[in-house]
2 protein chains.
Amino acid sequence: MCDNKNRELGQPIGARIRSLRTARDWSLAELAKRAGTSAPTLHRYESGWDRFELATLRKIASALGVLLEVNFVEESVSTGAPADLRALIAPLFWDRELRPADLDQYPDWVLERVLMFGSRDQVSAARKYFGDEAVAKAAGRRGVDPKTRNYWNTILEGAAGAS
Amino acid sequence: MCDNKNRELGQPIGARIRSLRTARDWSLAELAKRAGTSAPTLHRYESGWDRFELATLRKIASALGVLLEVNFVEESVSTGAPADLRALIAPLFWDRELRPADLDQYPDWVLERVLMFGSRDQVSAARKYFGDEAVAKAAGRRGVDPKTRNYWNTILEGAAGAS
DNA sequence: ATTTTTATTATCACACATGATAATAATATA
DNA sequence: TATATTATTATCATGTGTGATAATAAAAAT
């Protein structure tokens with residue numbers, strides 16, 4: 001999830017709540033009971049409400065057994081420069097040196113590795129650099145495990161639906 | 001920053017705001033003007049206020065030129081069961097199959113690989129499973145690059161200091 | 001086909017987050 | 001030392017997020 005609407009880094013809050021709830025096979029009423037709120041209120045949240053109080057999000061997170069993180073994030077490494085991205089993800093390429101040209105010649109291969117083994121920051125930077133289409137393509141490669149593939153299919157589906 | 005008080009993952013929100021503001025050499029009045037709020041209100045926030053509306057945090061983030069991230073983070077995989085950890089980190093052992101017994105027979109070797117190439121989740125799960133002492137030991141192995149070693153020495157030093 | 005469960009929409013009262021304002025204390029500047 | 005700037009504390013009016021409730025639609029179960 002990202003709260004700043006200018007950057008699509010994940011699901012909107014409401015969609016995330018729904019996703020977490022349905023993963024647990026809970027009804028709106030069940031989660032509402034656990035979170036100390038009401039089903040119609042939760043429905044409102046899952047349907048696009050966006051102006052939460054943190055206290056509300058805290059209750060919901062607690063009921064769902066997840067951690068609520070709230071971060072002010074400085075603009076990350078500049079991803080306009082290939083050299084910056086290369087330096088960031090180079091550690092993932094233990095078997096072969098990652099050359100600067102590889103970013104443009106073999107985006108699928110690079111992304112596959114990043115999606116499979118990269119940290120959040122590395123993945124985020126690569127996604128920004130290559131774009132969602134390239135990520136979707138890379139997620140379809142044989143070297144990507146089904147769990148990771150499903151993850152990205154869901155994320156990118158959500159990101160495409162929002163545009 | 002982490003919003004769930006049960007886990008210490010960073011600065012409280014208010015302290016983070018102050019840190020970002022003073023880094024820019026702005027007064028309370030300056031940030032207040034940019035964020036469309038008031039100096040006394042900002043002072044309240046920086047001094048421990050904790051029950052924010054997201055809209056408020058958005059305004060402040062925008063004024064500070066930073067990204068507001070709001071995440072529900074799943075608790076990581078259960079690390080009580082060796083099979084779960086093994087499944088999680090298995091992709092990192094591309095050159096040799098990771099057998100269940102390896103976790104107990106060669107913890108150093110397993111951890112070295114995880115520390116060097118693991119994702120955040122993988123590292124976190126392994127750390128939880130093996131404990132900090134084992135991580136410290138593994139970080140000292142020859143196959144761990146100095147940067148990673150320093151990273152873990154710092155982290156574990158901090159973790160030891162906190163107890 | 002009927003009943004039960006769940007989701008969805010709408011209304012409303014109330015608690016409270018927020019910013020405006022004033023006053024005072026502390027710090028920085030001239 | 002005097003003045004200006006900034007930080008801090010307190011009060012209060014207002015807008016709004018929230019949950020309770022009712023009604024209805026849709027989906028699932030029997």
Side-chain angles (χ1 to χ4, degrees), chain A residues 1-5 11-72 154 157-158 161-162, chain B residues 1-5 10-72:
Chain A
M1 287 186 300
C2 174
D3 191 66
N4 186 331
K5 302 212 188 58
Q11 285 176 303
I13 294 173
R16 180 75 170 134
I17 293 172
R18 175 165 290 180
S19 168
L20 290 166
R21 173 176 68 83
T22 53
R24 290 155 179 70
D25 211 27
W26 291 349
S27 63
L28 286 168
E30 176 68 31
L31 177 56
K33 190 174 60 172
R34 290 165 178 266
T37 180
S38 69
T41 300
L42 273 178
H43 180 76
R44 183 194 310 156
Y45 297 159
E46 292 185 359
S47 306
W49 179 256
D50 199 13
R51 298 175 54 89
F52 297 91
E53 293 185 357
L54 280 189
T56 303
L57 294 181
R58 285 177 182 137
K59 291 195 304 184
I60 293 170
S62 179
L64 288 167
V66 299
L67 207 52
L68 175 70
E69 279 188 354
V70 180
N71 300 315
F72 285 113
T154 304
E157 193 174 292
Chain B
M1 290 191 294
C2 173
D3 190 66
N4 186 332
K5 304 215 187 61
Q11 281 177 305
I13 295 173
R16 180 75 171 136
I17 293 172
R18 175 166 291 180
S19 167
L20 290 166
R21 173 176 66 84
T22 52
R24 288 156 179 72
D25 212 27
W26 292 348
S27 64
L28 285 168
E30 176 68 31
L31 176 57
K33 190 172 62 172
R34 290 164 178 265
T37 178
S38 69
T41 300
L42 273 179
H43 180 77
R44 184 195 307 155
Y45 297 159
E46 293 186 355
S47 307
W49 179 258
D50 199 14
R51 297 175 54 88
F52 296 92
E53 294 186 358
L54 279 189
T56 304
L57 294 181
R58 284 177 183 135
K59 290 196 302 186
I60 293 171
S62 180
L64 288 166
V66 300
L67 209 49
L68 175 69
E69 279 190 355
V70 181
N71 299 315
F72 286 112

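Just so we're clear, the structure is a prediction, and the values are computed from it rather than from any experiment. Lettering follows sequence order; numbering is per chain, from 1.
- Both B:Pro40 and A:Arg21 lie close to DNA chain C; mapped to their nearest nucleotides by heavy-atom distance, the more 5′-ward contact belongs to A:Arg21.
- Nearest heavy atoms, B:Ile13 versus B:Phe52: CG2-CE1, 3.8 Å.
- Within the 4.0 Å cut-off from OP1 or OP2 of C:dT18, at least one side-chain nitrogen or oxygen of B:Thr56 is found.
- With D:dT18, C:dG19, C:dT6 as the candidates, the nucleotide lying closest to the side chain of A:Ser27 is C:dT6.
- With salt bridges taken as basic N to acidic carboxylate O contacts below 4.0 Å, none links B:Arg44 and B:Asp50.
- In terms of modelled atom types and a separation under 3.5 Å, the side chain of B:Thr22 and the main chain of B:Arg18 share a donor-acceptor contact.
- Between the side chain of B:Ser47 and the main chain of B:His43, a donor-acceptor pair closer than 3.5 Å is present.
- Put simply, B:Thr37 has a side-chain N or O that comes within less than 4.0 Å of OP1 or OP2 on C:dG19.
- Within the structure, a side-chain polar atom (N or O) of A:Arg18 is placed less than 4.0 Å from OP1 or OP2 of C:dT8.
- Distance from the side chain of A:Lys59 is smallest to D:dT18 among D:dT6, D:dT18, C:dA7.
- The side chain of B:Ser38 has C:dA20 as its nearest neighbour among D:dT18, C:dA20, D:dA20.
- With hydrogens and angles left out, the side chain of B:Arg44 and the base of C:dG19 share a donor-acceptor pair within 3.5 Å.
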